[in-house]
There are 2 protein chains.
Amino acid sequence: MGKVTSLDVARKAGVSQSAVSRTFTEGASVSVGMAKKVRKAADELDYRPNILARSLITGRSRIIALVVGYLDNQFYPDALEKLSRALKEKGYHILVFLASNESEQEAQKVVDELIDYQVDGIIAASVSLSHSLAKRCKTQNIPIMLFNRRQDNPSLSSVTSNNFLGAKKATEYLLATGHRKLAHISGWSETSTGRERAAGFACALEKFGLEPYDIIDGMYNREKAIEATRKLFSKKNGLPDAIFVGNDHMCFAVMDSIRYEMGLRIPEDVSIVGFDDVPLSSWPAYNLTTVRQPINKMIQSTIKGLMNLIHNDLTEPKQLQLEGKLIVRGTTTNRLKEK
Amino acid sequence: MGKVTSLDVARKAGVSQSAVSRTFTEGASVSVGMAKKVRKAADELDYRPNILARSLITGRSRIIALVVGYLDNQFYPDALEKLSRALKEKGYHILVFLASNESEQEAQKVVDELIDYQVDGIIAASVSLSHSLAKRCKTQNIPIMLFNRRQDNPSLSSVTSNNFLGAKKATEYLLATGHRKLAHISGWSETSTGRERAAGFACALEKFGLEPYDIIDGMYNREKAIEATRKLFSKKNGLPDAIFVGNDHMCFAVMDSIRYEMGLRIPEDVSIVGFDDVPLSSWPAYNLTTVRQPINKMIQSTIKGLMNLIHNDLTEPKQLQLEGKLIVRGTTTNRLKEK
DNA sequence: TTGAAAGCGCTAACAA
DNA sequence: TTGTTAGCGCTTTCAA
């Protein structure tokens, strides 16, 4: 059978091809009778307008590129699902671009592909965009929203939570509950989130007049986080009484290592605080105290921002930072009460 | 600046527009000199061929639709990531369609959208396709591969693991290690996987001459699985000594409930076996004995099958079933040795 | 409100 | 090998 075109419908309905087009075009002028006739014929042929052909004229593909580094951290599939639902409401769909590889050359290829597909916009989650890449997208007139990452480039819009403040809050909580030997297994130092959370940790400690017990880069990676934990606990001069970890995904690894390799108890021997509050964090097996990223608001703002960029290019870039909230669960304890 | 077209490049290079087209078309005949000239001009303008315009002629969009119900079960983001990488190799990208809603009407809408985007093929993961929907896709000439689901419809190709055999193996293992009161929290009975795994469980038990302790539908849902667990352990006449659970995702819920609500130990009080072997299952916190789905082979076969369907429509449908393997970890024990 | 006609950016005959 | 030309299926002027 193959494709049914508007011309087929037109012939069947005995009207012009443009009449068919109009009935399927939002806000075009067609009489009720015409619309009825056309829709009837269209239904009988199971006709649907070809978005690709439409895109050629309108210049809009109704495709949004989601560039994402990895999906093993539950935060991202969760975001993907929510973004997809929200975009669907607006008549857009997500084309997935995996960009785990960190070489500039690989990144260039991803941008090539983005341009090829004539995407209407880009949501870059958990990936850094070099200046040159950002400029290419600008030249091609493809708006970009950074999701859960910020960039020095002031022309890039982004939505994040306030990572500095969130980390500071978490650290202050640990201090207020009597922890004094605080270690930080940080997010990847090449990312804004990694750096900002580390800075928040350092700031809280400094204000308190305390030195960090240790800071190790866990690179947002499970294996690296386990290595970091081992390193932390191999020190001879006592153990940390609390670890602030750069995200929940690493936290699970750290907790597994502490419990099943070190044989220590959480929070009795060491308290743990994470960042993100992914669904898994609330499961009893981990029951993690963590800084909740306001993911729904982040999604909402990302989409609102992107739609603005798509529909009126005049919008000036904004770096939105939403407030996160500390969710206290079972991996922390009040050491002041202990004795 | 906006879009750069092949005509712009042609003018800049002082050649015809078709010459530009040819240099960017696989297997077209262009001289080395021409190609060089064109590429130079193209690079200077940062030109990329418009896939959408190309699609209009070739009839191929290089877009594959992934229809997926949910992403909270780690099996699916994992599959999505792997599918995306494998398809990228072949020059395809994944457009995401979320189809959690189970009403026929919603499903029709999803198919509408699929057709709109002129996708070259569909991978339906974790979703059922009614006959009428499958027929619509057939009419539109869009090939479908079912991933991790089978359907009665013999015209639909699918790739699954052998769920019946996998479940049977798991159950036989429990029997061989001295368990006698076996319960099953099953996958959703409206799905092929749910039914086949339940059948494998029942078959092994019957061959052994044993009645199931209980069978409850957990619907592949965390909350439902927890409810099922509560129900199971509220019975007055003793407790099960083993539970075979329809997938790992539910397993985590069941284990959480057993440990933190019932206060029982795994495997000392009750053994647990899951299905899938998602990454999380090997983490020490769960360390789950489970039937591993050969996901890499499943991905490979799915893509191979889909490419076949796309490139030669003559391919007859195949229901591929790959062998799964029981991975014994820490949630099972040998009760024969216990005393 | 409707139809005729032009053209979106590209590929693929067809000639040269 | 190259250029010319005719569409792919649609939207959007422009007249009627």
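A note on names: the letters A, B, ... follow the listed sequences, proteins ahead of strands, and every chain is numbered from 1.
Across all strands, S18(A) comes closer than 4.0 Å to base atoms (heavy-atom distances). Using a 4.0 Å heavy-atom distance criterion, V20(A) is classed as making no nucleic acid contact.
Remark: the Q293(A) side chain and the S161(A) side chain contain an N/O donor-acceptor pair separated by less than 3.5 Å. A donor and an acceptor atom, one from each side chain of N148(B) and T160(B), are nowhere located under 3.5 Å apart. Side-chain polar atoms of Q108(A) and R136(A) form a donor-acceptor pair below 3.5 angstrom. At a cut-off of 3.5 Å, with distance as the only test, a side-chain donor of R149(B) or T193(B) sits close to an acceptor on the other residue.
Checking the phosphate oxygens (OP1, OP2) of dT11(D), a side-chain nitrogen or oxygen of S21(A) falls inside 4.0 Å. Phosphate proximity of dT1(D) to S29(B): present, with a side-chain N or O under 4.0 Å from OP1 or OP2. Applying the 4.0 Å criterion to OP1 and OP2 of dT2(C), one finds that S16(A) has every side-chain N and O outside that range. In terms of phosphate contacts, T25(B) brings a side-chain nitrogen or oxygen within less than 4.0 Å of OP1 or OP2 of dT11(C).
Atom CG in L7(B) sits about 14 Å away from atom P in dT5(D), given to the nearest Å. Rounded to whole Å, the distance from NZ on K37(B) to C1' on dG3(D) is 12 Å. One can place CD1 of I115(B) at 15 Å from P of dG9(D), the figure rounded to the nearest angstrom. For N50(A) and dC8(C), the CG to P distance is 18 Å, given to the nearest whole Å. Between the P atom of dC10(D) and the CD atom of Q118(B) lies a distance of 8 Å, rounded to the nearest Å. Between the CZ atom of R11(B) and the C1' atom of dG9(C) there is a distance of 13 Å, given to the nearest Å. Regarding K36(B), its NZ atom lies at a distance of 14 Å from the P atom of dT2(D), rounded to whole Å. Atom CG of L56(A) is separated from atom C1' of dT11(C) by 12 Å (rounded to the nearest Å).
Among the nucleotides dG3(C), dG9(C), dT11(C), the one closest to any side-chain atom of T5(B) is dG9(C). Looking at the side chain of R22(A), the nearest of the listed nucleotides dT2(D), dG3(C), dC10(D) is dG3(C). With distances taken from any side-chain atom of A53(A) to the nucleotides dT11(D), dG9(D), dG3(D), the minimum falls on dG9(D). Side chain of I57(A), nearest nucleotide from dA12(C), dT1(C), dC10(D): dC10(D).
Salt bridge annotation for D78(B)-K82(B): present, with a cationic side-chain nitrogen under 4.0 angstrom from a carboxylate oxygen.
Positionally, the nearest nucleotide of DNA chain C for V32(A) lies more toward the 5' end than for the other of Q17(A) and V32(A). Residue S31(B) is the one, among R54(A) and S31(B), whose nearest nucleotide of DNA chain D lies closer to the 5' end (criterion: closest heavy atom).
Taking the six-membered ring wherever Trp is involved, the centroid distance between the rings of Y220(A) and Y70(A) does not fall below 6.0 Å.
No N or O donor and acceptor, one from the side chain of R48(B) and one from the base of dG9(C), sit under 3.5 Å apart.
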